[in-house]
Amino acid sequence: MVRVAVIPVRYASDRELLEISRRYMLSLSLEEMKAVQRYFRKIGRDPTDVEINTIAQTWSEHCYHKTFKGIIETQRGVVDGLLKTYIFKATEELNKPWCLVVFKDNAGIVAFDEEWAVAVKVETHNHPTALDPYGGAGTGTGGVFRDVMGVGAKPILSTDVLFFGPLDYPYEKLPPGIMHPRRLMRGAVAGIRDYGNKMGIPTACGAIGFDEGYVCNPLVYAGCVGIMPVRKYTRNPKPGDLIVLAGGRTGRDGLRGVTFASAELTPESEKVSAVSVQIGNPIEEKKLLEAILRARDKRDKPLYSAITDCGGGGLSSAVGEMARGLGADVELTRVPLKYTGLEPWEIWLSESQERMVMAVPKENLEELLEIFRNENCEATVIGEFTSTNRLVVRYGGKIVCDLDLKFLFDGVPRVRRKAYWTPPCEEDPEFPQPGDLMDVLKRILSSPNVASKEWVLRQYDHEVQARMFVKPLVGVHQDGPSDACVLKPLKDSWRGVVVSCGVNPKYHIHPYKMALSAIDEAIRNNVAVGGRRIALLDNFSWGNPEREETLGALVEAVRGCYDGAVGFDTPFISGKDSLYNEYRLPDGGYISIPGTLLITAVGIIPDVRKAVTMDFKEPGNPVYVLGLTRNEFGGSHYYMVLGLKGGAVPGVDVKTAKAIMDRLVEAIDLGYVRSCHDCSEGGLAVSLAESSFAGGLGVEVWLSKVPVEGLNRDDKIMFSESNSRFIVEVSRDRLYEFESLMKGLPYSRIGVVTPGNKLTIHGLKDRVYEENIWELKRAWKSTFDW
Amino acid sequence: MSEDMGVRTLVLRVEGTNCDIETVEAFEEAGSQVELRHLNELLRGDVGLEDFHIFCIPGGFSYGDDLGAGKLLANQLKYRLRKRLELFISEGRVVVGICNGFQALVKAGLLPAFDGPFSRQEVTLALNESGLFVDRWVYVRHEEACRCLPTRKLGSRVLHIPVNHAEGRFVAPDATLNRLEEEGYVVFRYVDPHGRPSGYPWNPNGSMNNIAGICNREGNVIGLMPHPEKYTNAYLHPSWTRFKTLASETDGLAFFKAIVDYVVENLL
């Protein structure tokens, strides 16, 4: 029996339209519902539940990025599409020949060498993680792997950046339906661990941050880097090609995941939306991966003409996207199910994991199916691509969906939103210098954002595949915090991929500077190990964009992205936004996350044997600081541990920053640099401490030598978080070469690596600050000594 | 098998095997020809074990380790490859199990196999003492006086290689443990940087007697938890940026070379 409901929209009033949107959890606005109504009035019938759900998924914020594509009225004038005006524009202006596929497919693809390419994607999986941290974070990881597999690449790195509420958050203060941050963190880490480890994809390059703003809405950014032969990329489905669904079976899990992700969480979410979280099975995905790689490589050209991940929106999105410009005819009864009893719309929309859709020319079918059989991986023909430009879906032969693809993809009304932004007060508070600065240093080192994450990192397998040449833990005891990881993806080439990230939501009070800071941090982490020719990915997690000030902040951040990308000559190749990261309180109030922008940087190093790590190497080597230290304490860890507010968020002098980084890469290539560490949270003092205990060596520096601008206090020079700075240890015998290379840039020799175990900082006057490096390390390691 | 064919290794893969590529590369680097084959291809008869000198089960999460690490794979060996493996082992050819492969060999009753292959499971690899997956570089000492034939060349060399596992704690009843020790079944032992058996983190999982790897009575079946295939290039060492000179032959490669050389000297 065909169970298809017809939804009467043609004669519905505005109120009824909204009621339909609510009842069927469509997350469509009145204007969008009216566009649906107009379409069905025109064709003279009402939509089926399959059709209206297909439209809702395709038009969701998650799939369509309404806000980023919409029209926004700001104080500076009208922005006609954030993506077009800022993100894409930067990439277009830079126009790099090595950007092969950008913003067009599941992942961004850049050239690696003449024959090989690197594919990268970063996704968020915030809402599912809030409800089910293990399943949510795990399937986030599994989903982003499939994005990379969905361009035909083999995943070689899994990255993850997580944000939670404070770990000591009082239980009694937790709003209804919200899990404690500690439980969320343990669950999310375990989910990422099990998915990546079982798939055999090394996990490195991440960050974990804590802030009260994430109590109700934790953030999970999952990223993946893959490698593929350039000529194996294909996205060219033809009419007559078969639609093959491969991988796991389809069930009710993950229904309406994308519309769920496009709304706020509420105390009810836990009950209402639990089915929206998918159930992961990494071995199923591993089988899929092995089969796809073999289908890709069996002959000169892949056996498929196009391939895509079946993720958000399920088949409706995977088949729909691929059918664009063609048309498709699908028979739902052919879809292998986990259990019987699914309604047609459920089969069509299910976001069950570990599924991929391929377009396969008929003559290749048998060969492809044979490969999948050998991997014990199910693959089924569910339909055919046509040339009708219609999306036709049948159930037992009966048509349950027949939509014009042009309407489906182009019929969504553009949203028009207002944005307003008020610059924050950046005045510094007055306060005396604290007496014991080494105690302050220890408090910063042990603060959760800075403290060692070894407990997490050792649960992630970063050795599998044996391709990681700079690992997340480096130094004499293999526990120092590496700035970036370096992979050597090919057996017969020393060329490497360098992956790093930058994110600091404590700077959200000034989103423009936050964006520039995140870009600067991602790039400087990359450069610190020897990366160059860098491509960027932007991932926004924000609150409700329908509120003017929230959207205003977003516009500011996006503007920063453009200026940063163009200034550093680093194009964006992929990105994603996750909005509505809010919790709606029973009384109508809301709790929003701080606007959070993650920048992922992917660079190249011509020879991984030239890579540099952050641990001090040899006593007697001179230590330099590159870059200016300014009075920039807005959102700083120094103010945080002192309980102070205010101060200027660190800005970026892009021109100087780029000059410093270019010159530093040159110095690394010439072999002058023995160690290099970027300065971020906690400033110079934290970087010096980390390089010291990672190398098991002391260091002695003079603050009077540090190039500063408008600073004359020991504490401020030590802890300022100015961007674009590095601590560099240079080979004793290359000192002059290094200094002549750096000529004209803000830099200075500030001290020397010492054989002892003391961090010694000489103040501007006579004061000397000193601490045992093992004491500092203990403070740094104590927080997550679980 | 003719001599001019050289050493031939079969690396097995099943659903969830994930250290196959680097294991293939390690054997190749050590001088063997290698074929990577899915269990289905073996069962169908696309390849036969008789064409190989070395049969290696690499690391991973076979079948998701859903019934415990290596348990389902052990059943495959026990019920679907039994005759072929019995013959392979009785002919003195070499079986190597690394990590998940070791877990499978132990659970199939191929290690230590006091009373011959598939007799019964005598030891196990339990959940790490920490209760968590662990990725860490460890030192393992090769026990010079052990029964293991293919690794004999390692002498008392200490290998610095990583462990990456959740279920690696070697556990056995006292009598079994004594017999393993007294009769030389223990091939690798976790030690500290000075070569002495020591506690956590040097013994990363709480293994009894610091046991990291064992062999069978005849000394031609060997299993170990650490991953020698992860250190076949000097630049894969986590601290290589600190070294003035890098290893000319890495500890990982030494393991594979010892095995391949043994085949050259004894089985060709």
Side-chain angles (χ1 to χ4, degrees), chain A residues 154 190 193-194 197-203 281-284 286-287 290 373-377 454-455 457-480 482 486 488 491 494 529 608-609 611-618 674-675 695-696 786, chain B residues 13-26 28-29 37-41 44 46 58-66 99 130-137 161-166 201 204 226-244 246 252:
Chain A
K154 177 188 175 180
R193 171 194 72 200
D194 285 358
N197 291 0
K198 289 192 171 185
M199 278 278 287
I201 296 160
T203 304
N281 177 358
I283 301 305
E284 192 63 56
K286 173 72 170 157
K287 291 194 282 184
E290 295 292 334
R373 268 196 295 274
N374 193 54
E375 301 298 326
N376 297 340
C377 182
E454 189 176 348
W455 181 83
L457 292 173
R458 290 214 181 280
Q459 292 186 59
Y460 297 156
D461 192 341
H462 51 258
E463 298 290 348
V464 68
Q465 298 189 5
R467 294 283 192 262
M468 203 171 295
F469 283 64
V470 171
K471 303 176 204 256
L473 295 166
V474 297
V476 65
H477 296 126
Q478 300 165 14
D479 55 5
S482 186
V486 179
K488 182 177 103 56
K491 186 174 168 246
W494 288 105
V529 302
V608 297
R609 293 171 294 185
V612 169
T613 54
M614 50 69 68
D615 45 314
F616 283 144
K617 303 293 188 306
E618 212 180 324
R674 291 293 283 132
S675 76
W786 287 1
Chain B
R13 71 185 180 89
V14 299
E15 292 96 296
T17 303
N18 65 30
C19 303
D20 44 338
I21 305 291
E22 55 267 39
T23 305
V24 168
E25 287 174 5
E28 281 174 349
E29 183 85 24
R37 294 290 193 158
H38 196 283
L39 177 64
N40 285 346
E41 296 169 84
R44 270 204 310 263
D46 295 1
F61 287 83
S62 54
Y63 308 103
D65 282 351
D66 287 344
C99 194
S130 64
L132 295 172
F133 183 97
V134 62
D135 177 318
R136 177 185 290 283
W137 280 60
I161 49 181
V163 290
N164 318 77
H165 61 241
H227 288 272
E229 81 281 7
K230 302 292 190 270
Y231 187 33
T232 53
N233 182 319
Y235 294 89
L236 281 168
H237 191 287
S239 307
W240 70 264
T241 54
R242 308 186 62 77
F243 299 158
K244 282 240 161 60
L246 288 146

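Reminder, nothing fancy here: chain letters follow the sequence lines and each chain counts from 1.
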Review point. Going through the distances and angles, do Leu132(B) and Trp455(A) end up as a side chain to side chain contact (heavy atoms under 4.5 Å, CB included)?
Key: CA-CA 10 Å; Leu132(B) 295 172; Trp455(A) 181 83; 3.7 Å; yes

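When heavy atoms are compared at a cutoff of 4.5 Å, Glu28(B) approaches chain A solely by way of its side chain, counted from C-beta outward. If you measure heavy-atom distances from Asn197(A) to chain B, the contacts under 4.5 Å come from both the backbone and the side chain. Of the two parts of Ile21(B), only the side chain, counted from C-beta on, holds a non-hydrogen atom closer than 4.5 Å to a non-hydrogen atom of chain A. Ser130(B) does not touch chain A: none of its heavy atoms, backbone or side chain, sits under 4.5 Å away. Contact of Glu41(B) with chain A is made through backbone and side chain together, with heavy-atom distances under 4.5 Å. With a 4.5 Å cut-off on non-hydrogen atoms, Asn233(B) touches chain A through its side chain but not through its backbone. Contact of Trp494(A) with chain B is made through the side chain alone, with heavy-atom distances under 4.5 Å.
For the set Arg136(B), His165(B), Arg13(B), the count of heavy-atom pairs under 4.5 angstrom toward chain A peaks at Arg13(B). Highest contact tally toward chain B, considering only Lys287(A), His477(A), Arg674(A), Gln465(A), is held by Gln465(A) [criterion: heavy-atom pairs under 4.5 Å]. Counting heavy-atom pairs closer than 4.5 Å to chain A, the top-ranked of the candidates Pro238(B), Cys19(B), Ser239(B) is Pro238(B).
Residues that satisfy the side-chain hydrogen bond (donor to acceptor under 3.5 Å, both in side chains) test with Asn164(B), not counting sequence neighbours, are Asp461(A), Asp135(B). Applying the side-chain hydrogen bond (donor to acceptor under 3.5 Å, both in side chains) test to Lys471(A) and every residue at least two apart in sequence or in another chain returns Glu463(A).
Judged by distance alone, with hydrogens and angles left aside, the side-chain atoms of Arg242(B) form a donor-acceptor pair with the main-chain N or O of Gly695(A) at under 3.5 Å.
Relative orientation of the Trp137(B) and His237(B) rings is tilted, given thresholds of 30° and 60° on the angle between their planes.
For the residue pair Arg44(B) and Asn374(A), a side-chain donor N or O sits within less than 3.5 Å of a side-chain acceptor on the partner.
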